[in-house]
Amino acid sequence: MISYLGRRASHSILSVIGLLTLVFFLTRLTGDPSALYLPLDSTAEARAAFARLNGLDQPIHWQFLGYLRDLLQLDFGESLRQNRSAMQVALEAFPETLKLAVVAITLSTALAILVGSLAAARPGSIFDRIASLVSLVGASAPDFWVAIVGILIFAVGLGLLPTSGTGSWAHWIMPTFVLMLRPFGLLVQVVRGTMLSALASPYIKTARAKGLPRQKIIFGHALRNSLLPVVTVAGDLATSLVNGAVVVESIFGWPGIGKLMIDSIIQRDFAVVQSTILVTATAIFILNIAIDLLYAVLDPRIRY
Amino acid sequence: MSNATILKVEGLTVDFLSDDQPVRAVDDVSFHVSRGETLVILGESGSGKSVSTSTVMDLVDCPPGDIVAGSCLFDGVELSGLGAEARRSINGRRIAMIFQDPLAYLNPVYTVGRQIEEVYESHGAESGKGARAKTIELLRRVGIPEPQNRVDFYPHQFSGGQRQRVMIAMAIALKPDILIADEPTTALDVSVQAQILDLLRDLQRETGMALIMITHDLEVAASMADRIIVMNGGKVVETGIAREVFSNPQHPYTRRLIAALPHGNAAEAPNRRSTAIAGETLLKVEHLTKHYELASGAFSSKRTFKAVDDISFEVRRGETLGIVGESGSGKSSVARMLLGLNAPSAGKAVFAGENIFDMNGKRLMAFRRKVQMVFQDPYGSMNPRMRVYSIISEPWVIHRDILPKDRWKARVAELLELVGLLPEHAERYPHQFSGGQRQRIAIARALASEPELIVCDEAVSALDVSIQAQVIDLLADLRTRLGLSYIFITHDLPIVRHFADRIMVMKDGRIVEEGQTAALFGAPRHDYTQSLLQAVPQPKWLTQAQ
Amino acid sequence: QEAAQEIRIVLPEQPANLEPCGTIITNVGQILSQNVVESLTVIDPNSGQPQPKLATEWTSVDPTTWRIKLREGVKFQDGTELNADAVVFSINRMISGKLTCSNIAKFGDAKLTLTPVDKLTVEIKSDRPEPIMPTLLSVVMIVSPKTPVDQAVNDPVGTGPFTLSTFSPRTVVLDAFDGYWGNKPQITKATYVWRPESSIRAAMVETGEADLTPSIAIQDASNPETDFAYLNSETTAIRIDAAEPPLDDLRVRKALNLAIDWEGLAQLFGDDVKRASQMVVSGINGHDDALEPWPYDPEEAKKLIEEARAAGVAVDTEIKLIGRNGIYPNGAEAMEAMMTMWQDAGLNVKLTMLDVADWLRYLQKPFPAERGPNLLQMMHDNNKGDAAFTVPIFYRSSGSYSTLADPAFDKQIDEALAATGEARTNSFKAIFGKARNEVVADIPMFHMIGYTRVGTRLEWKPDITTNSEIPLANIAIKD
Amino acid sequence: MTIITPDIKPAAVPGSGRVLFAYLKRDRLALAAAIFLAIVVIAAVLGPWLVGDAASRLGLRQRNLAPFSLASGWIYVLGADTLGRPILARLIVGAQNTFGIAAAAVFASMLVGGTLGLIAGYSERWYSHLILRLADVVMSFPSLLLALIVLYTLGPSITNLVIVLAVTRMPIYLRTARAEVLELRERMFVSAARAMGAKPARIIIRHIAPLVLPTLVTISAIDFATVILSESALSFLGLGIQPPDFTWGAMVANGRGYLATAWWIAFWPGLAIMLTTLSLNILSNWARTLADPQQRWRLQTLRKAAR
Ligand SMILES: Nc1ncnc2c1ncn2[C@@H]1O[C@H](COP(=O)(O)OP(=O)(O)OP(=O)(O)O)[C@@H](O)[C@H]1O
Ligand SMILES: Nc1ncnc2c1ncn2[C@@H]1O[C@H](COP(=O)(O)OP(=O)(O)OP(=O)(O)O)[C@@H](O)[C@H]1O
Ligand SMILES: [Mg+2]
Ligand SMILES: [Mg+2]
Ligand code: NI
């Protein structure tokens with residue numbers, strides 16, 4: 001176990017370093033930032049000065065070595081746009097995203113497990129059909145569509161909720177809801193599917209023969225046996241949220257890392273790109289290790 | 001005894017529906033059982049025993065099952081059409097069931113302890129520490145070693161017989177009014193079987209439990225039954241007081257069964273042992289050892305358990321080596337290692353001059369073609385998504401040279417007939433068969449690849465005597481004709497005596513005794529062997545008379 | 001009451017930083033300009049002429065030297081006094097090259113030398129004549145001498161009526177500065193937030209969550225009571241790459257202009273847009289009101305193309321129409337529409353929409369090798385009062401966006417740049433006329449309109465400067 | 001030998017078209033879904049031929065024409081978009097690109113991701129660790145950055161677009177497949193197949209994959225919508241589909257700014273995406289039932305015995 005963890009951690013660290021290297025070189029293939037930072041009418045001289053100032057005039061391998069050297073001293077570089085440490089920028093945004101992602105994923109997973117299990121318990125029933133329909137409509141609706149229409153209805157039309165922004169709990173409702181839609185829809189389907197197979201297993205007969213209550217059969221026995229794919233898919237969805245819920249962040253003015261990452265990619269703010277990727281990648285690698293450990297907890301036949 | 005009748009089944013008819021004509025599994029079956037009484041259901045494999053008892057428990061999925069007719073009156077209550085909640089309070093507490101295929105019927109992700117405790121908790125009988133203590137006590141009573149540790153193990157960490165006992169423990173936890181035991185001792189050696197049967201009898205005495213026991217084992221039947229019903233082709237063909245059925249069977253099927261009863265009682269009755277053993281050593285096992293690493297939780301530290309402890313033996317071409325031994329003594333572990341499914345902790349096994357454990361790639365492939373296994377859990381060993389046709393023909397897909405494709409269909413039909421099934425069964429899926437039928441499919445599959453050595457792990461344990469005889473004849477015939485060798489793991493002494501040339505007795509991971517069949521049966525040296533031979537159950541009417 | 005004096009402004013974009021040297025960047029300027037930091041001069045939106053701000057007077061000593069007189073009694077928000085040294089410090093900081101300064105680009109490659117003459121007088125020398133120095137000084141933001149010289153800052157200290165109190169990824173907050181030299185503004189506190197989605201911003205003002213939002217999309221400007229249109233100094237156009245055949249043929253370039261259904265296209269940008277005939281808006285020195293925009297004449301366009309074909313011009317060559325995503329509202333639709341119209345006229349035009357960085361490669365020299373004949377979507381913003389910020393980059397052969405190479409035209413441009421007064425205005429007019437009629441260097445589209453939604457609580461109207469500043473001091477609160 | 005087993009004929013084997021249709025008829029919802037998809041596919045194939053250039057004809061004076069009016073002709077029933085082009089015609093013509101891109105991307109990611117997941121789950125060799133860490137890396141790699149890099153190094157094209165979409169969607173299939181394999185490989189029938197001499201490839205393809213596939217198909221059915229929508233998000237980089245070509249996703253994105261004023265521009269294509277996703281899911285659930293021998297009876301005409 002411990003040795004497995006150690007191995008996993010070292011592999012992951014290597015992968016993150018590989019990732020950063022990859023990102024370092026690849027981002028530099030996407031064009032020169034000076035064109036974006038300086039006004040269109042600035043002179044060649046100004047551009048040269050800009051490149052010199054930001055070390056962009058050096059050969060790329062020198063830049064990379066410099067980056068590595070700084071990295072060892074935990075210096076992640078300066079943001080070109082924001083005039084401050086790139087890591088500080090990333091770390092400021094990340095918790096905002098994380099909060100939202102955790103709430104949305106937890107809620108949607110819990111809800112999806114409930115709805116999906118009940119749908120699978122009576123396949124073909126009205127509940128099953130409605131649950132599928134509702135969850136799928138939510139999952140396939142364009143997220144900005146739901147977000148903007150939601151704002152138009154609940155904030156402008158009814159005046160029940162604030163349009164956007166952060167602060168009170170009311171500010172959480174719409175962003176969380178929009179974020180939950182897709183995970184919920186996907187998870188309901190996955191839960192339903194795997195539960196159907198699980199419910200047909202012989203050990204469910206044993207449980208019935210024991211006289212277990214229905215909810216215990218469904219949630220205790222069948223669900224437990226079908227959690228592996230559910231956990232995986234939920235984990236993947238969590239990853240994509242941790243990686244940034246761009247639409248929600250930008251529409252609702254939630255200062256998260258997704259928008260930051262997109263902006264800095266488009267603006268070629270390389271140091272920030274690197275730092276945000278470092279932060280999210282670390283989170284994602286930890287999440288994936290946790291999920292793998294969870295497999296072993298969920299299914300005793302799986303051992304590492 | 002019908003004055004205290006607790007369960008009365010009347011005119012039960014069950015169909016299995018599909019696109020085609022419904023399959024009638026149970027046809028107008030009636031029986032009843034009283035408090036304290038034991039009703040034994042005998043019958044051919046696939047005759048509807050399991051289905052009719054499952055119906056009593058409401059465990060047949062409807063649809064595709066279809067209860068065409070019939071009533072089940074339990075303690076004055078009509079069971080069919082009972083509400084879910086009422087049903088729940090009866091199942092497990094008042095009527096309990098032991099299933100035929102213990103691995104599939106245990107939830108793989110919960111410890112056995114948890115699964116037993118659940119019975120207490122869900123009926124509000126006991127919870128927390130109390131439930132756990134009771135669970136450990138139960139496990140001890142069914143003969144699980146070190147129950148206080150084993151309670152936290154998962155089903156896959158138990159041997160076949162141990163799982164069966166876990167199942168039994170679960171069923172008797174709440175001392176039900178009726179216990180339906182579907183082949184409860186198929187994986188138990190004679191001594192453990194005796195212990196379990198005693199336990200059941202004790203329970204009956206203590207609580208007046210009615211016992212419905214399905215078995216293929218006539219000795220067990222005789223030792224337990226008050227009354228017997230015999231089923232064939234979905235119908236009850238004979239019913240009566242045990243002693244009368246045994247002494248004066250009416251139906252031709254029953255007669256055939258009873259005729260086989262004192263199987264191998266007489267010391268050297270006609271047997272199917274090899275006549276000529278070629279003498280060339282096919283398999284030589286040396287110092288084979290297997291440790292299982294035990295970690296009950298994901299994080300707890302490891303302990304090891306010695307399941308197989310330095311054993312050596314050999315098998316010669318055309319020979320049958322019988323392995324008998326205590327349940328949990330490591331028989332299946334040996335088999336799995338020989339097949340290369342589990343890595344041994346130490347030792348080697350030389351097959352045709354080469355160590356199995358060093359084999360790789362092509363050689364391993366060639367080896368696996370020559371050695372086949374019939375698994376102890378036939379249900380689990382078949383892919384639920386594959387039809388029987390694909391299951392049996394799979395070896396030919398893997399080893400292309402065995403049989404040209406155009407002959408597969410005919411050969412599958414032939415194999416199915418050899419093991420007593422119908423060619424049409426090729427189109428069905430594993431879940432559509434009875435326990436014994438699945439076991440026969442597994443045998444057919446093992447035969448399909450025309451191997452040199454077949455490892456049979458309790459391969460005929462769920463078959464009734466008539467089909468058992470048919471299968472054994474088939475195996476013996478193949479041995480004579482093709483020079484096949486067998487490693488025959490079984491708990492059934494009459495069968496090994498009848499079929500095996502040499503016998504190896506295992507206990508606690510070691511070989512305690514080994515020798516030619518006749519010699520070993522004639523003069524057992526080791527205490528354990530002696531106790532095995534003596535543990536043959538006696539008919540109930542005799543023991544009661546004493 | 002106090003609370004009522006606070007306003008909330010919602011901007012389309014988060015300002016990446018608050019460096020006063022970058023106030024020409026819209027989202028920085030809209031917060032800082034004239035609020036936190038002030039410039040030496042400001043441009044009058046109507047006349048395009050520089051007006052006093054921190055500088056009260058300016059005189060040209062000789063063609064390369066200007067003498068600036070500063071306002072008296074002005075204090076920075078950190079208490080330091082505004083004097084000649086502070087101004088010299090600010091300008092030197094801009095031109096030092098030790099930090100990235102966007103505003104300095106307006107000066108081109110001019111070399112400046114600063115000398116404090118006395119406490120309130122500064123002398124600015126440039127290495128070549130700079131007739132519009134006072135106009136240029138409108139981009140010089142004066143910061144406290146305590147500001148670091150070699151480092152961009154996010155906490156600017158200037159002389160404006162407001163001080164920066166918070167700058168976080170969520171919001172910027174400005175508080176009134178008590179020691180302000182001018183009239184005390186009515187607003188005591190301004191909070192800025194940002195939402196990219198125009199409809200959300202409009203909704204925020206509608207629900208009262210915000211009081212003002214600049215640049216909403218035309219379709220969101222649906223309420224005449226709160227939504228104000230203003231000519232925003234932006235001119236859209238398509239640059240014709242005149243160096244590449246078949247675009248080097250004058251007939252083809254004319255046909256390109258004639259083939260567009262301008263009235264139909266205008267639907268995309270609203271009723272208030274002005275059809276453009278030149279690259280600067282009226283009010284900019286050099287704009288020629290008399291210059292007619294190209295009409296819609298598909299028949300003529302087809303005829304010209306046929307003529308060109310007959311003359312052996314390869315009019316069937318594929319022409320790349322290069323658009324930029326998000327350049328202005330409905331920009332992509334406009335490109336699609338124009339492409340269709342050109343195709344109808346018989347030209348083989350193919351649209352490619354690029355992201356900013358990629359698009360820039362086509363906009364600026366050096367152009368990509370093998371660029372092929374191309375038409376480039378662009379938008380030009382000259383709110384600095386003088387055509388000098390437009391003409392040389394577009395039409396001079398050395399201009400960084402220019403695809404022309406006409407020495408005579410270059411000479412004409414150089415002369416205009418050196419001229420002053422009436423002569424200057426007329427020379428620029430002549431240049432625009434030539435570009436429109438003889439050279440046909442581009443396809444001017446529209447002078448764009450911006451829409452701003454102003455909450456009913458406020459008394460304020462946007463104007464041409466709104467894209468670069470929103471002076472809080474000018475905003476009044478109705479009671 | 002007295003084996004009196006009731007005589008049964010083999011149940012209908014799924015596979016042949018007629019039998020499939022019979023199963024489809026048993027599930028009304030699935031039938032409706034199949035019909036809808038068939039219509040969409042027909043539109044995708046014949047669309048350009050059916051409505052001709054109506055989809056790209058400008059009507060600047062009919063900008064944002066409201067739906068449900070036949071005044072401008074039936075083709076305008078669903079209204080017109082921001083350039084006054086009939087939305088109905090654009091939906092029909094756009095089906096082709098939409099389906100082409102989404103199907104290619106989803107299929108590719110499922111195929112590659114699923115295969116790698118099966119390998120990574122089954123084997124414990126070094127390459128399975130490598131595959132997993134690669135998946136982690138892909139998951140951590142912002143898809144937008146990937147798109148930009150592809151754009152800059154390979155240039156915009158539909159193939160590259162599909163590659164980007166497929167790569168970014170791949171990890172979910174990979175990890176899900178692996179998770180299922182981790183459990184399945186411990187099952188007895190896998191051991192049995194190994195004992196029979198089946199090579200890993202065969203075990204994976206024949207024994208494990210069929211049990212993993214239903215989950216992957218479920219995910220892919222929903223991914224269809226995700227892919228269409230993220231395709232339109234990439235178009236603002238210039239990697240998406242380039243005008244004059246368009247997809248439903250691009251149509252939705254086009255209507256984004258008009259939700260408050262002309263809802264129909266984004267609504268109809270959004271609805272088309274939704275209905276397609278819905279249909280795909282219903283069909284995938286149907287297929288899942290069909291593929292599972294223990295569930296298949298739900299789609300069969302169960303003939304009961306006379307009583
Ligand atoms: N789900 C099913 N679908 C179709 N047929 C089934 C199904 N389950 C059982 N059968 C058939 O019903 C018959 C009775 O099965 P049952 O399990 O009761 O046999 P059994 O008497 O218990 O046999 P065994 O001793 O082999 O366990 C068998 O022929 C079997 O093939
Ligand atoms: N995976 C495992 N982990 C831990 N212990 C195991 C595992 N598998 C088997 N054992 C233990 O090893 C011992 C031998 O098991 P094995 O299955 O070989 O017994 P067996 O002789 O086949 O018994 P039976 O006749 O009951 O099938 C048993 O005590 C069992 O509990
Ligand atoms: Mg049975
Ligand atoms: Mg065993
Ligand atoms: Ni037996």
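Note that the structure is predicted; figures quoted are calculated from it, not measured. Throughout, a chain's letter reflects where its sequence line sits, starting with A, and its residues are numbered from 1. Excluded from the calculations below are hydrogen atoms, water molecules and symmetry mates; all remaining heavy atoms, backbone and side chain alike, are included.
Only the backbone of F252(A) comes within less than 4.5 Å of a heavy atom of chain C; no side-chain atom from C-beta onward does. Looking at V153(C), the atoms closer than 4.5 Å to chain A (heavy atoms on both sides) all sit in the backbone: N, CA, C or O. Only the side chain of I151(A) has a heavy atom closer than 4.5 Å to any heavy atom of chain C. For L363(C), the part lying near chain A is the side chain, with the backbone staying farther off; criterion is any non-hydrogen pair under 4.5 Å. Of the two parts of I24(C), only the side chain, counted from C-beta on, holds a non-hydrogen atom closer than 4.5 Å to a non-hydrogen atom of chain A. At a 4.5 Å heavy-atom cutoff, the contact between K106(C) and chain A is made by side-chain atoms alone. Interface remark: R268(A) contributes side-chain atoms only to the contact with chain C (heavy atom separation under 4.5 Å).
Between K259(A) and Q14(C) the shortest side-chain heavy-atom distance does not fall below 4.5 Å.
Highest contact tally toward chain A, considering only S102(C), P392(C), S400(C), S168(C), is held by S102(C) [criterion: heavy-atom pairs under 4.5 Å]. Interface remark: of the candidates F389(C), Y401(C), W194(C), Y401(C) forms the most heavy-atom pairs closer than 4.5 Å to chain A.
The side-chain contact (heavy atoms from CB on, under 4.5 Å) test with T163(A) is passed by exactly one of E206(C), M204(C), R201(C): M204(C).
Applying the 6.0 Å contact sphere to NZ of K98(C) captures no more than 12 heavy atoms from other residues, nucleotides or ligands. At most 12 non-hydrogen atoms from other residues, nucleotides or ligands lie less than 6.0 angstrom from CD of E225(C). Other residues, nucleotides and ligands contribute over 12 non-hydrogen atoms within 6.0 Å of the CZ atom of F367(C). The number of heavy-atom neighbours closer than 6.0 Å to OH of Y67(A), taken from other residues, nucleotides and ligands shown, is above 12.
Taking both residues in full, the closest heavy atoms of P196(C) and S250(A) are given as CD-O, 3.1 Å, listed atom of the first, atom of the second, then distance. Between T207(C) and A155(A), the shortest heavy-atom distance links the atoms CG2-O, 3.7 Å. Of all heavy-atom pairs between S164(A) and R195(C), the closest is OG-NE, 2.6 Å. Summarising the geometry of P169(C) relative to E92(A), their closest heavy-atom pair is CG-OE1, 2.9 Å, with the distance given to 0.1 Å.
The line from CD of E13(C) to CG of D263(A) is 7.0 Å long, rounded to the nearest 0.5 Å. From L80(A), atom CG reaches atom CG of N17(C) across 10.5 Å, with rounding to the nearest 0.5 Å. From I148(A), atom CD1 reaches atom OG of S198(C) across 9.5 Å, with rounding to the nearest 0.5 Å. For the atom pair CZ of R84(A) and CZ of F167(C), the computed distance is 6.5 Å after rounding to the nearest 0.5 Å. Distance check: D355(C) CG to I265(A) CD1 gives 11.0 Å after rounding to the nearest 0.5 Å.
In this structure a side-chain-to-backbone donor-acceptor pair under 3.5 Å is missing from N83(A) to Q151(C).
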